[in-house]
**Student:** 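Below is one structure. I have some questions about it.
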Amino acid sequence: MTIHANRRHLLAVAMATPLWANWAARAAAHERDADTILHNGRLITMDDALPTATAMAIKGGRIMAVGDDAVKGLAGTGTRMIDLKGACVVPGFIDCHNHPIGDVLLYETLVGNPFEVEFVTIASIIDKLKAKAAKTPAGFWVEGFFHDDTKVKDGRQLTVDDLDKISTTHPVMVRHRGGHTVFVNNLALALAGVTKDTPNPPGGTFDRLPDGRLSGRITDNAIDLVEEKGQRPVLDAAEKAKRMRAGMAHISGAFSRYGLTTVHHQGGDLAAIQDVRTAGGLKHRVNYEAQGKMVDQMIAAGLKTGFGDDWIRLGATAEHTADGSFSERTMALSTPYAGRTPAYYGNVTEPQDVLDAWVEKVVRAGIQPNIHANGDVAIDMALTAFERAQAKLAVKDLRPKITHCTLVNAGLLKRMAALGAVPAPFTSYAYYNSDKFGFYGADRMANAMAFRDFLDHGIKVCAGSDFFPGPFAPLMGIQGMVTRTGWNGETWGANQRVSVLEAIRINSLNGAWAAKEEAIKGSLTAGKLADYVVLAEDPTVLKPERIKDIPIIETVVDGRSQYRA
């Protein structure tokens, strides 16, 4: 018999209390009763002291005990007993990199599927945006969101000619879901004064067609030059706040349906998050990663990483961008991309000295730094900046975060381990974006999203879906990490496979460690927050290619059900 968490004495006291005990003694005994007891299940705890269990007791939003049927002895007259009937319980999933754009999901025109693999046609994109243009005043932007260039049945890129079919009186922009490229029509280019003779700015490109004309595809630092032109509707403060609140409540519900209990937010409207919480609509815990002016405001106010409570806490900075995108083929590489003339190495979006100064500034202020670095060149730059700040400031337990950290090598892995850096690679990409791996080839993909290498080097790698660029479903991510096989049946980088248990740990306990919250979440351990997910099947015994389709029965945060199938 096992009751984890030093609860045996509670049972002994409760059983020894005579029926004629006074009211105070009976009240004290009642305080020892669990609020909820789960039993007859398969618990995967991520606690090395007790890796598996069959029962768990919850009290006051915390895990009270974990073990076998002896846990049921903590029940009182008011305890809710839940027979799991063999269902599997895992710690709540933690997404360490997410852009929670619920307002976009609700209010913008979506030309691709945010959550699943779905192919569309260029004609469908044109039709959706034509309908949008018909309701939009001339001169105002018509925009489409969640475009994925390899999920198009036509088998080719959007071009300026396609987008001219939507409108010649509106600037048109189709945003790649990766966030580092856009596709625009001729009017958008003309408003920005961009011609075929316009040079590429540092860290960005205006792409061209084989005949030398502008293709309409724009990358990274070149996007702002076009985006700032044209007109967009001006919303008053009340309407903005309304949309932010509605969007946050909407995406919080979606997170819960997929089993996420904590999400690291890349910026966003902090007031809206607080308002939704106050209204009772926040279903997940928020680790808020500030960006831009808000980082400066934190520094001015003396606010450091960790400020807040168990529901909303200030985390690392939002990703400070050092290079381009993996999915859009603009990340900074030490060797050129295949088939590009002239030779193209991707986009470095910030020079080393500027990156160094930024890291030193935030580290000096007690804020955990976080750099977006995909390619090996950018990862080297991020590590250099971290190493220089650490050498100068000697901060203990810095845990600098590298968002994406896609393409690594032996030297980078050694430096990351020595520094205690926390990589947050793409999780759902191995399944969702396997159609893009061919652009990089087998050799590069053997060193990309390198979960196996990270673990083998003692690096506490965590999970970063990078929604909106990738779906945020943790089970899709776990399946891809275990199989390295995509939706199209192609397997890339099989040497980077991890076990199911390792994948669950990456999506739970390692995520807690990334935010310095491992003492309160990430495993089913007595004393920790009662955040967990009930799965219809045990992913450790299921065929790996079925993991993403396991039904989620319930998502629980703080001991309270946030989603139930």
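Nothing here was measured: the structure is a model prediction, and the numbers come from that model.
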**Student:** Tell me if a side-chain donor or acceptor on S508 pairs with a main-chain N or O of I504 at a distance below 3.5 Å.
**Tutor:**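 Checking the backbone N and O of I504 against the side chain of S508, a donor-acceptor pair under 3.5 Å is found.
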**Student:** Side chains of H372 and H180: closer than 4.5 Å at any heavy-atom pair?
**Tutor:** yes
**Student:** Check the pair D154 / R156 against salt bridge (charged side-chain N to carboxylate O under 4.0 Å, His left out), numbers first and verdict last.
**Tutor:** CA-CA 6 Å; D154 304 70; R156 65 172 178 83; 5.1 Å; no
**Student:** Find out whether the Lys NZ or Arg CZ of K151 is both under 6.0 angstrom from the six-membered ring centre of Y432 and within 45° of the ring's axis.
**Tutor:**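 Yes, a cation-pi geometry holds between K151 and Y432.
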**Student:** Could you pull out the closest heavy-atom pair between L105 and F146, with the gap in Å?
**Tutor:** CD2-CE1, 3.7 Å
**Student:** Hey, are the side chains of M416 and C405 touching, using non-hydrogen atoms and a 4.5 Å cut-off?
**Tutor:** yes
**Student:** Ignoring hydrogens and geometry, is there a side-chain-to-backbone donor-acceptor pair from D103 to R243 under 3.5 Å?
**Tutor:** no
**Student:** Testing V182, V184, V111 for side-chain contact (heavy atoms from CB on, under 4.5 Å) with R175, which one passes?
**Tutor:** V182
**Student:** Please work out whether the ring planes of F426 and Y429 are parallel, tilted or perpendicular, with thresholds of 30° and 60°.
**Tutor:** parallel
**Student:** Work out which heavy atom in F437 is nearest to a heavy atom in A430; give both atom names and the distance.
**Tutor:**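 Shortest heavy-atom contact: CZ-CA, 3.9 Å.
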**Student:** For the residue pair D207 and T181, establish whether any side-chain heavy-atom pair is separated by less than 4.5 Å.
**Tutor:** no
**Student:** Could you give the distance from CG (D376) to CG (N447), rounded to the nearest 0.5 Å?
**Tutor:**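 One gets 9.5 Å once the value is rounded to the nearest 0.5 Å.
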**Student:** Is there a donor-acceptor contact under 3.5 Å from the side chain of H176 to the main chain of G178?
**Tutor:** yes
**Student:** Compute whether any side-chain donor of one residue and acceptor of the other, for K436 and T150, lie under 3.5 angstrom apart.
**Tutor:**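 K436 vs T150: donor-acceptor pair found between side chains.
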**Student:** Does a side chain donor of either T349 or N347 reach within less than 3.5 Å of an acceptor in the other side chain?
**Tutor:**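 No, N347 and T349 have no side-chain donor paired with an acceptor closer than 3.5 Å.
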**Student:** Can you tell me how the ring of H265 sits relative to the ring of Y288, calling it parallel under 30°, perpendicular over 60° and tilted otherwise?
**Tutor:** tilted
**Student:** How about F454 and I506: do any of their side-chain heavy atoms sit closer than 4.5 Å?
**Tutor:**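 Not in contact.
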**Student:** Which word best sums up how the rings of H320 and W358 line up, parallel for under 30°, tilted for 30 to 60°, or perpendicular for over 60°?
**Tutor:** parallel
**Student:** How long is the gap from CG on L419 to CD1 on I402, to the nearest 0.5 Å?
**Tutor:** 7.5 Å
**Student:** Just wondering, are more than 12 heavy atoms of other shown residues or ligands nearer than 6.0 Å to CG in D443?
**Tutor:** no
**Student:** Test salt bridge (charged side-chain N to carboxylate O under 4.0 Å, His left out) on E360 and R388 and set out the steps.
**Tutor:** CA-CA 8 Å; E360 181 180 336; R388 288 173 176 173; over 6 Å; no
**Student:** Regarding N507 and T427, is there a side-chain donor-to-acceptor distance under 3.5 Å anywhere?
**Tutor:**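 Short answer, no.
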**Student:** Among F439, F326, Y345, Y344, which residue satisfies the ring pair (Phe, Tyr, Trp, His ring centres under 6.0 Å) criterion with Y337?
**Tutor:** Y344
**Student:** Between the side chains of T384 and R415, is a donor N or O closer than 3.5 angstrom to an acceptor N or O?
**Tutor:** yes
**Student:** For G470, is there any backbone N or O sitting under 3.5 Å from a side-chain donor or acceptor partner on S465?
**Tutor:** no
**Student:** Verify, without hydrogens or angle tests, whether R329 (side chain) and Y440 (backbone) share a donor-acceptor contact under 3.5 angstrom.
**Tutor:** no
